[in-house]
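For reference, the structure discussed in these notes is given below.
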Amino acid sequence: MQRNAKKKKCDYSEMEIEVTGEYVQYAIDVERSQNELQNKLAACNSPKEIALVTMKVIVEFYDADWCGALDANMDLGVWTSVWWYDKEHGSMSSKKSKDLEIMENYDRWFSCMREHRPMVMSDLEDIKEEAPEEYTTLQRLNVTSLIAVPFWMRSQGFVALKNPRKYKEQTGLIRLLSYAIVTALNEHRLLEMTKLSLTSPRVSCETDVFISLFGELKITTSKGVLTESEMKSPKISRLLVYLLLSRKTAVAPREIADAIWPEEEADMPGKNMKSLVYRLQQAFSLVSDYRLIESTPNGYQINPTLNIITDLQLFDNKWNLALKTTANEDKIELLQKLVDLYGGDVLHSASSEHWLVGTSLNYQYRYMGAVNELMKILWEEKHYHHINTYAAKAMAVVPHNADAHYWLIRTMCKQGHSEMARSEIRMAESKLLEEDYEALLKRLSEDEDCREYFS
């Protein structure tokens, strides 16, 4: 067949396809890519690996820069990259998009999701006038062209392709392979949920270690509990938490010292660190026969033999599940478990120090968001007694949480406890910033249950 022969029209499922030399080449490349993918998937051992290999094939087929699964939360109005493959840097490389992108200005994406149709943008300049805010975001992400295929079964979002240079108008292959990616994503989440249901602070064997980082540091093993105060050294607890939070396999002594104690001048950080590690091991030996920290040629690391679970990990897992859950009953259960985990700032004794303050604030904000969402759902379900409980705890942990004051006062008004409500508003005045307090009063005055007390 000559590739530049006469153009023909073929009818497939009421869709006209113009058969050209380019389309013939496209069909040949589709079959080649499918065969290549089939061979590669035979060696894959996990849903994530299946998805990433599939994304790589898509990137190579379209000669694109990046392919990824964008998870959309329509309730919160955000989307985030879950898994991705980058042509230059490989799987799961650093990306320019934020961890969470706001979806307020993505009307075209919402339309494609509702109508179950792919989005094709051959040239970014085409949307400059129509969608200027989306244009600015995509420009920041170095997107010049785009194909995005929606998915909506169990998970919701898009399989997106950045800057395709070939077959920009042909979405057949990415639409077909998006099913493999989404199936792998759903299977991965199901496995994570199964693991989570089996994970608890309880330990069942000698290599299990549960470490609580919210509030006071606490280490639990099958032999007992070791608390921060029993370690008798603030430096030891800081060293342990730094290693637990570090994403590196091993961390050099100089790096640890510079990160945690930059104001201290130490000619021999290795010697000082060795002393701290030794003292930590002495304390840990009271509750375990294993070493908690190991020394390697590259520095110190948490012993990989131990099965260490932290309350931060459980918090993150429940947070992610809560974002995916829509049924109120299930969401209440998850949010209750999540907020019960939070016992205060991460390593409260050091939470304001420069190396930890970002992590501490991140979990505090997420806790506030979770407890506020929980009280909102409890209000919808008319569980007023539970609102009182969680609002009181939230104010004890984070006194400046204006939402907790609002829900507690609103519940008191709803139950006819006017004097208690007035007492609580006086308490709020002493705890909140002036602008937050004024906003709280305005919010209460606009609520039908509270209007007569605060108008």
Side-chain angles (χ1 to χ4, degrees), residues 3 12 17 21-72 79-97 112 116-121 141-195 247 249 320 324:
R3 291 195 176 170
Y12 293 98
I17 298 177
E22 180 184 3
Y23 184 80
V24 171
Q25 184 61 48
Y26 167 78
I28 293 172
D29 288 346
V30 165
E31 184 173 2
R32 183 186 298 120
S33 296
Q34 288 178 318
N35 291 334
E36 177 188 349
L37 177 61
Q38 185 175 7
N39 292 333
K40 289 181 176 180
L41 291 183
C44 292
N45 297 313
S46 70
K48 183 176 181 179
E49 188 178 2
I50 289 173
L52 293 174
V53 167
T54 304
M55 290 174 184
K56 181 179 180 181
V57 168
I58 293 173
V59 165
E60 291 172 347
F61 177 86
Y62 286 95
D63 189 17
D65 291 340
W66 184 94
C67 181
L70 307 180
D71 186 66
W79 58 259
T80 184
S81 303
V82 184
W83 293 335
W84 62 92
Y85 175 81
D86 185 282
K87 181 179 181 180
E88 182 177 357
H89 302 291
S91 301
M92 307 301 288
S93 59
S94 61
K95 57 187 185 298
K96 290 192 175 181
S97 61
C112 289
H116 299 171
R117 61 178 172 82
M119 173 186 292
V120 178
M121 185 187 71
L141 299 174
N142 294 327
V143 174
T144 57
S145 58
L146 180 77
I147 299 176
V149 177
F151 55 86
W152 54 90
M153 300 299 290
R154 294 180 61 181
S155 301
Q156 195 173 45
F158 290 86
V159 173
L161 187 66
K162 174 182 171 183
N163 300 337
R165 297 171 182 83
K166 292 168 54 180
Y167 309 129
K168 291 184 179 182
E169 305 292 332
Q170 303 289 355
T171 63
L173 183 72
I174 187 172
R175 291 169 70 181
L176 177 65
L177 297 188
S178 68
Y179 286 102
I181 295 172
V182 176
T183 299
L185 182 61
N186 287 332
E187 183 178 353
H188 173 78
R189 284 176 173 158
L190 183 61
L191 290 172
E192 290 298 305
M193 289 179 68
T194 302
K195 286 194 295 184
R247 297 182 179 181
T249 303
N320 291 329
K324 307 298 174 191

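Quantities reported herein were computed from a predicted structural model and do not represent experimental measurements.
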What pairs with Pro150 under side-chain contact (heavy atoms from CB on, under 4.5 Å), at least two apart in sequence or on another chain? Met113, Trp152, Phe158
Rounded to the nearest 0.5 Å, what's the gap from CG on Asp29 to OH on Tyr62? Could you check? 10.5 Å
Would you give the length of the straight line joining atom NZ of Lys162 to atom CG of Leu141, rounded to the nearest 0.5 angstrom? 6.5 Å
Can you sort out the partners of Thr249 under side-chain hydrogen bond (donor to acceptor under 3.5 Å, both in side chains), two or more places apart, ordered by chain and number? none
Which residues pass the side-chain contact (heavy atoms from CB on, under 4.5 Å) test with Val82, not counting sequence neighbours? Asp71, Leu185, Arg189
Tyr85 side-chain N/O to Val57 backbone N/O, donor-acceptor pair under 3.5 Å: no
Those residues at least two apart in sequence (or on a different chain) that pass side-chain contact (heavy atoms from CB on, under 4.5 Å) with Val30 are Tyr26, Gln34, Phe61, Leu173
Roughly how far, to the nearest 0.5 Å, is the CD1 atom of Ile147 from the CZ atom of Arg175? 11.0 Å
Validation row: Trp66, Lys87 side chains within 4.5 angstrom (heavy atoms): no
May I ask you to test the Lys168-Val120 pair for a side-chain heavy-atom distance under 4.5 Å? no
Just to verify, what does Glu88 make a side-chain hydrogen bond (donor to acceptor under 3.5 Å, both in side chains) with, not counting sequence neighbours? none
The reported gap from CG in Asp86 to CE in Met55 (rounded to nearest 0.5 angstrom) is 12.0 Å
As an exercise, state the distance from CD of Gln170 to CD of Gln25, rounded to the nearest 0.5 Å. 12.5 Å
If you apply the rule side chain to side chain contact (heavy atoms under 4.5 Å, CB included), what do you find for Glu187 with Ile50, and how did you get there? CA-CA 11 Å; Glu187 183 178 353; Ile50 289 173; 5.6 Å; no
Under 3.5 Å: donor-acceptor pair, side chain of Asn163, backbone of Ser145: yes
Would you say the side chain of Asp65 lies within less than 4.5 Å of the side chain of Arg165, judging by non-hydrogen atoms? yes
Side-chain donor-acceptor pairs under 3.5 Å in residues 37-48, sequence neighbours left out?
unit_1: Asn39; atom_1: ND2; unit_2: Asn35; atom_2: O; d: 3.3
unit_1: Lys40; atom_1: NZ; unit_2: Glu36; atom_2: OE2; d: 2.8
unit_1: Ser46; atom_1: OG; unit_2: Glu49; atom_2: N; d: 3.2

Which residues share a ring-ring contact (aromatic ring centres under 6.0 Å, His included) with Phe151, sequence neighbours left out: none
For Asn320, the side-chain hydrogen bond (donor to acceptor under 3.5 Å, both in side chains) test, sequence neighbours excluded, returns none
To the nearest 0.5 Å, how far apart are CD1 in Ile181 and CG in Asn186? 12.0 Å
Which pair of non-hydrogen atoms, one from Pro164 and one from Ala64, has the smallest distance, and what is that distance? CA-CB, 3.8 Å
